[in-house]
Amino acid sequence: MSESVENGTIRILSPSMINKFDASAPFGCERRWWYRYVKGLDEPQIGNQYLGEKVHALIEAFLAKRELGMEIPAEDEALGIYLSGQRMVEEVARRTILGVETPLPEFTLDGTRVQGYVDVVTSDGIIDWKTSSAIRRYGKTESDLATDTQMTIYALAVHPNRSTVKLAHGQFQTKGTKRANFVE
C-alpha cells in the first residue's frame, strides 16, 4: 500500500499526483494513478525520465554554485540539452532566488496535506523546469500556465500572501534540434 492513499482516503497529495490522475494531462491515466498511489507500485523509469532528471541536476548545480561543479563527458546527451538553454538558466540566476528544489511549506487543500518540490522559488514567483521531446507540441503557453494545476498549487503554497505570482516554465527540447524556451 502507498502512504498517499489509506483505506480509500487520500492522506497526502502532490501536484504531480493530480496530473497523473487527470486523463487530459500528458500521460495522465486513472488506472496508472491507482497502481502507483493506491497499490504503491513504482513505475519503471524510462530513458526520457532519467534524461530529464540529469538535465534538472545540471540546472540545480549551476543555480546552487553558479557553475556546473561536476565532470560531465562532452558527448553526454543531458549536457547538450542543458547547453541549449544555458543562457536561459543564467538569466534565471540573476533573479532573487529564495530556493532551489525547495519542499513545499506546510500546506493543505480541503483538509488534505499537499507535498512536493518546487524547482525554483523566486521573490515574486516560481519556475519549473520541463524536458519534452517537442516544445511546440507539448510545451505550455502563458495562458496554460495560468490554469496549470501544479503551478497554481505551488503559487498558493509558496507565496500565499501575494496577489500575483509569476509562473514560469523553462522548457528544454530533447529530440531533434536541441533548443530551450522560457514561458512566463
Side-chain angles (χ1 to χ4, degrees), residues 3-4 10-22 25-28 33 36-37 43 45 48-70 78 81-82 85-132 135 138-172 174 180-184:
E3 69 177 38
S4 299
I10 296 174
R11 299 286 181 203
I12 301 170
L13 189 63
S14 73
S16 61
M17 186 177 173
I18 294 169
N19 284 342
K20 283 185 180 155
F21 185 84
D22 182 1
F27 310 109
W33 180 92
R36 171 69 182 98
Y37 295 105
E43 292 181 70
Q45 190 175 46
N48 290 338
Q49 291 168 321
Y50 179 69
L51 183 60
E53 287 177 8
K54 284 179 71 177
V55 172
H56 267 76
L58 291 169
I59 296 166
E60 289 170 31
F62 180 83
L63 291 176
K65 301 175 187 162
R66 300 300 190 257
E67 63 181 46
L68 291 181
M70 55 181 84
I81 293 166
Y82 167 82
Q86 184 174 12
R87 212 181 229 150
M88 172 179 64
V89 176
E90 289 169 352
E91 291 200 18
V92 166
R94 289 189 204 41
R95 296 180 180 207
T96 304
I97 295 177
L98 304 179
V100 175
E101 195 60 26
T102 304
L104 288 179
E106 186 74 28
F107 185 72
T108 61
L109 282 175
D110 197 28
T112 301
R113 188 175 71 174
V114 178
Q115 65 182 25
Y117 289 87
V118 181
D119 291 342
V120 179
V121 177
T122 65
S123 59
D124 62 352
I126 55 173
I127 301 167
D128 201 35
W129 305 113
K130 297 294 184 185
T131 54
S132 170
I135 292 174
Y138 299 114
K140 301 240 170 152
T141 64
E142 290 176 19
S143 59
D144 292 336
L145 288 178
T147 60
D148 182 77
T149 302
Q150 179 182 28
M151 298 301 280
T152 54
I153 289 173
Y154 285 169
L156 287 168
V158 175
H159 292 296
N161 299 320
R162 290 188 63 90
S163 59
T164 60
V165 177
K166 291 182 181 180
L167 307 176
H169 272 185
Q171 303 168 349
F172 293 82
T174 60
N181 187 42
F182 192 77
V183 177
E184 184 169 54

Is any side-chain heavy atom of Y138 closer than 4.5 Å to a side-chain heavy atom of T131? no

Determine, step by step, whether F172 and N181 satisfy the side chain to side chain contact (heavy atoms under 4.5 Å, CB included) criterion, reporting the C-alpha distance in whole Å, the side-chain angles of both residues, the deciding distance to 0.1 Å, and the verdict. CA-CA 7 Å; F172 293 82; N181 187 42; over 6 Å; no

Name all pairs fulfilling the salt bridge (charged side-chain N to carboxylate O under 4.0 Å, His left out) condition that reach into residues 102-130, sequence neighbours left out, sorted by first residue then second. D124-K166, D128-K130

Counting only heavy atoms not in R87 (residues, nucleotides, ligands), do more than 12 fall under 6.0 Å from its CZ? no

Which atom of V165 lies closest to which atom of I126, heavy atoms considered: CG1-N, 4.4 Å

Taking the side chain as every heavy atom from C-beta outward, state whether H169 and M151 have any pair of such atoms under 4.5 Å apart. yes

Side-chain contact test, heavy atoms from C-beta onward, threshold under 4.5 Å: evaluate it for V55 versus W129 and give yes or no. no

Do V121 and H159 have side chains that get closer than 4.5 Å, going by heavy atoms? yes

Mind checking whether I127 and T122 have side chains closer than 4.5 Å, heavy atoms only? yes

Any non-hydrogen side-chain atom of L104 less than 4.5 Å from a side-chain atom of V158? yes

Within 6.0 angstrom of Y117 OH, more than 12 heavy atoms from elsewhere: no

Locate the shortest heavy-atom distance separating P105 from A157; write the atom from each residue and the value. CG-O, 3.2 Å

Those residues at least two apart in sequence (or on a different chain) that pass side chain to side chain donor-acceptor pair (under 3.5 Å) with E184 are R95

So does L145 get a backbone contact from the side chain of D148, meaning a donor-acceptor N/O pair under 3.5 Å? no

Give the minimum heavy-atom separation between T152 and T149, together with the two atoms involved. OG1-O, 3.2 Å

Residues Q115 and P15: closest non-hydrogen pair is O-CD, 3.6 Å

Is Q171 close to M88 at the side-chain level, that is, under 4.5 Å between some pair of heavy atoms? no

For residues V92 and F182, report the shortest heavy-atom separation together with the two atoms involved. CG2-CE1, 3.8 Å

Specify the closest pair of heavy atoms between G85 and A180, including all atoms of both residues, with the distance to one decimal. CA-CB, 3.4 Å

A side-chain contact here means heavy atoms from C-beta on lying under 4.5 Å apart; do I153 and L109 qualify? yes

Set out, in order, the CA-CA distance, both residues' side-chain angles and the distance that settles side chain to side chain contact (heavy atoms under 4.5 Å, CB included) for T108 and V114, then state yes or no. CA-CA 5 Å; T108 61; V114 178; 5.8 Å; no

